[in-house]
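Have a look at the structure below, then the notes.
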Amino acid sequence: MTVSFIKSSSSNAAASDETAGVTRRTILPVRDYNLAATLTSGQAFRWQLREGAWEGIVGSRWVRLRMEGDWPRHESCRSRRKQAHSFGLGSQGHLTSAATARGRDARAIVAETAEPVNDWQWLADYLQVELDLAGVLATFPDDEPMRAAVAACRGLRLLRQDPWECLASFICSSTKQIVQIQQIVALLCERFGEPVRVPRGREAAFSFPALERIAAARESELRACKTGFRAPNLRAAARMIARGEVDLARLSASSVTEARAGLMRLPGVGRKIADCVLLFASGFQDAFPLDVWVTKALRRLYFPGRRRSLKRLQKFAATHFGPFGGYAQQYLFHYARIHAKLKK
DNA sequence: CCCCAGGGTGGAA
DNA sequence: TTCCACCATGGG
């Protein structure tokens, strides 16, 4: 399926730094985009920070991302400004040092791939650079917890991920820390994924395993990737999807309720993991994954001292946070984790 | 030794 | 209905 290079009214999502055609580098103009928070907030598990840039795999492509302005310190401010100009940003290309340091106010994401790319829309979609974030934030309830959460990680976005990768990753996520989920996913990719092209000198990289490969794997091989008791669920879910019992591609075409019920027929997939897939991959931005962090955050921020069952919290979440409740949830999740880290 | 981690499940109460 | 032990494994 071919998507037009520049979507009609969108703010020129993928403006290449070369006038036309195939290139390994592009500039995605953005406003209010917190790349670090987005890539480390427990949505995706394949991004690594190296030398000031984020490296990961999207689909079958190796990608390196950084906010414009995050150049290495030894490069002069002058050359920085010159580059910004050549990228067509004009006088707006000059960034204040404060914005540069934080990165989130920068006006572009610089993306590099290992292989030449003609159409960059896949990356614009994945990063959701065309989303009107201010419009989303405006729908959040105007209360103190949400104001604090948004202030703590403004510019945080929801990614639009591949449903199978998202589902499989979260089947492996139960009672695991994010670092350990990253480790499991890395092992699955190394052992069951396809090698992808990387820049000269880089270590090998692999795509996320096709569901047919996981369906055909032995349980012991999956357990060897540290999946533990999740291994049989991962394999059985892959087999059910391969048999067509659940159609991941059609989830976004049905109602949230219907899509959620379909996902929950898969072994190892309950309400929480289903909502993760609905929110992170299928575009249901009102799906509200209620995990241990968000549960604690809701109880502490909205019901201090009072007893609230998980059921009632779920009901509260569904009604209080509006049409982009899932988005609000991601801010609360990241906010809660940041503070837990600070409290050590 | 303890407790906890972006949970789900089956059986008991 | 809700509650609870258990499921592997690593980190603190």
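Quick note on labels: first sequence line is chain A, next is B, and so on, each numbered from 1.
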Rounded to whole angstrom, note down the P distance from dC1(B) over to dC6(C). 16 Å

I'd like to know if the side chain of Thr26(A) reaches the main chain of Ala111(A), judged simply by a donor and an acceptor atom lying under 3.5 Å from each other, with no hydrogens or angles considered. no

Could you check whether any side-chain N or O of Arg160(A) sits under 3.5 Å from a backbone N or O of Ala281(A), counting only pairs where one atom can act as donor and the other as acceptor? yes

Chain A contact limits on DNA chain C, taken 5' to 3' with a cut-off of 4.0 angstrom to heavy atoms: dC7(C) to dG10(C)

Do Tyr335(A) and Leu301(A) come within less than 4.5 Å of each other through their side chains, counting heavy atoms only? yes

Taking the ring centre of each residue, are Phe170(A) and Phe280(A) less than 6.0 Å apart? yes

Do Glu219(A) and Arg235(A) sit within salt-bridge range, that is, some charged N less than 4.0 Å from a carboxylate O? no

Where Ala231(A) and Thr227(A) come nearest, the two heavy atoms and their spacing: CB-OG1, 3.3 Å

Looking only at side chains, do Glu130(A) and Gln121(A) share a donor and an acceptor under 3.5 Å apart? yes

For the side chain of Arg213(A) and the backbone of Ala210(A), is there at least one donor-acceptor N/O pair under 3.5 Å apart? no

Start and end of the DNA chain B segment that chain A contacts, any atom under 4.0 Å from a heavy atom: dA5(B) to dT9(B)

Decide whether Gln43(A) and Ser41(A) meet the rule of one side-chain donor and one side-chain acceptor closer than 3.5 Å. yes

Provide the distance between the two P atoms, one in dC4(C) and one in dC3(B), to the nearest whole Å. 15 Å

May I ask you to say what Thr175(A) touches in the nucleic acid, namely base, sugar-phosphate or nothing, with a heavy-atom cut-off under 4.0 Å? base

Check this for me: does any side-chain nitrogen of one of Arg147(A) and Asp143(A) sit under 4.0 Å from a carboxylate oxygen of the other? no

Quick check on the 6.0 Å ring-centre criterion: do Phe316(A) and Phe303(A) meet it? yes

Identify, between Ile181(A) and Gly268(A), the residue whose nearest nucleotide on DNA chain B lies closer to the 5' end. Ile181(A)

Aromatic contact, Phe321(A) with Tyr331(A) (centres under 6.0 Å): no

For the pair Arg191(A) (side chain) and Ala224(A) (backbone), establish whether a donor and an acceptor sit closer than 3.5 Å, ignoring hydrogens and angles. yes

Got a sec, which residues hit side chain to side chain contact (heavy atoms under 4.5 Å, CB included) with Ala44(A), two or more places apart in sequence or on another chain? Trp47(A), Tyr126(A), Leu159(A), Gln161(A)

Within residues 271-291 of chain A: residues closer than 4.0 Å to DNA chain B (heavy atoms): Arg271(A), Lys272(A), Ile273(A), Phe280(A), Pro289(A), Asp291(A)

P-based separation of dC2(B) from dA5(C) [nearest Å]: 14 Å

What's Val269(A) touching, base or sugar-phosphate or nothing? Going by heavy atoms closer than 4.0 Å. sugar-phosphate

In whole Å, measure the gap between the P atoms of dG10(C) and dG8(B) for me. 22 Å

Would Arg61(A) and Trp122(A) count as a cation-pi pair here, with the cationic atom under 6.0 angstrom from the ring centre and within 45° of the axis? yes

If the plane angle is over 60° it's perpendicular, under 30° parallel, otherwise tilted; pick one for Phe140(A) and Tyr327(A). tilted

Proximity to DNA chain B (any heavy atom under 4.0 Å), residues of residues 41-50 of chain A only: Ser41(A), Gly42(A)

Expected list for residues 324-334 of chain A near DNA chain B, using heavy atoms below 4.0 Å, is Gln329(A), Gln330(A), Phe333(A)

